[in-house]
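These notes concern the structure reproduced below.
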Amino acid sequence: MSPCNDTIIIETRDLSREIARDGTIFKTVDSVSYRFNKGLIHNIVGPSGAGKSSFLRLLNRLDEATGGEALFYDRLLQSYDPTELRKKISMLFQTPYLFPGTVRDNLNYCCAGNQKLDAENLLDRVGLKPEFVNKDADALSVGEKQRVAVARSLVQEPEVLLLDEPTSALDPTSSRRIEELILSLAQGLCLTVIIVTHNPEQALRLGGRALLLVEGKLIESGSANEILTSPSTEAGRKYINRELA
Ligand SMILES: Nc1ncnc2c1ncn2[C@@H]1O[C@H](COP(=O)(O)OP(=O)(O)OP(=O)(O)O)[C@@H](O)[C@H]1O
Ligand SMILES: [Mg+2]
């Protein structure tokens, strides 16, 4: 671990979210307590419907918790202005959404007229050539769009990237490139990455930490290697043997 990893950047304490479904109260996230280290990659894994996306959405207040608490640098998430918080804790989705216009327009989206925006440098960080800057966003492949979406979020200098299955719409080669990008952002910029992935092999390639969620609960956490190759719980073993739905 490098010195940047010593800080706890996000901490959840019994974080929960209840929703009403079919007349009963149902916990999509059930008392999750975890400390996320700055600059590390954290893989959220678990079967479909385990609450992975629901948990991620609580971390930048896209949804509000109904119980417990979450802290960003020792301050409750609720004490931050949601818009400011989302610049620091930035979310990217499975399908990248770019605005109509050029790549430069997209990079400039947050701060139109920003004379200091170094679009070429941003593109270089995400592995795209400078000539991409004038391309029409619509003309890009999904993998290229995902890179531009990452570059656009970097304009705001986020400290945490929340990624919800960012490669599931991509072919294997583009997925690997995004994985390399994620690794380089964590190592080079000390960005904290919290990534939901359906793919245990991907979590192993990314390394860092893993959190296994089942039915909204945090069942196991530890190094990605440990959780995905030698889990200590029955649910963990079932998960890696693909016996959980
Ligand atoms: N707004 C909502 N209304 C009703 N049910 C919801 C809502 N959001 C989530 N759920 C339910 O909460 C549970 C957790 O959903 P969530 O999308 O967080 O799971 P997930 O682990 O991300 O699943 P997947 O791997 O399929 O994306 C599911 O049973 C889902 O149906
Ligand atoms: Mg999901």
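Read the numbers this way: they start at 1 and go in the same order the structure lists the ligands and their atoms.
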Any residue meeting side chain to side chain contact (heavy atoms under 4.5 Å, CB included) with I227, in chain and number order, not counting sequence neighbours: A210, L212, E220
Does [X] come within less than 4.0 Å of [Y], counting only side-chain N to carboxylate O?
X	Y	answer
E234	R237	yes
E201	R242	yes
R147	E144	no

I'd like to know if the side chain of [X] and the backbone of [Y] have a donor-acceptor N/O pair within less than 3.5 Å.
X	Y	answer
N37	L40	no
T12	Y34	yes
T7	I9	no

Show me, by chain and number, every protein residue that has a heavy-atom distance under 4.0 Å to ligand 1. I19, R21, F26, T28, P47, S48, G49, A50, G51, K52, S53, S54, E165, H198
Does K129 count as lying over the ring of F132, i.e. NZ or CZ under 6.0 Å from the six-ring centre, within 45 degrees of the axis? no
Who are the side-chain hydrogen bond (donor to acceptor under 3.5 Å, both in side chains) partners of E69, not counting sequence neighbours? R13
What number of protein N, O or S atoms occur at distances under 2.8 Å from the Mg ion (ligand 2)? 1
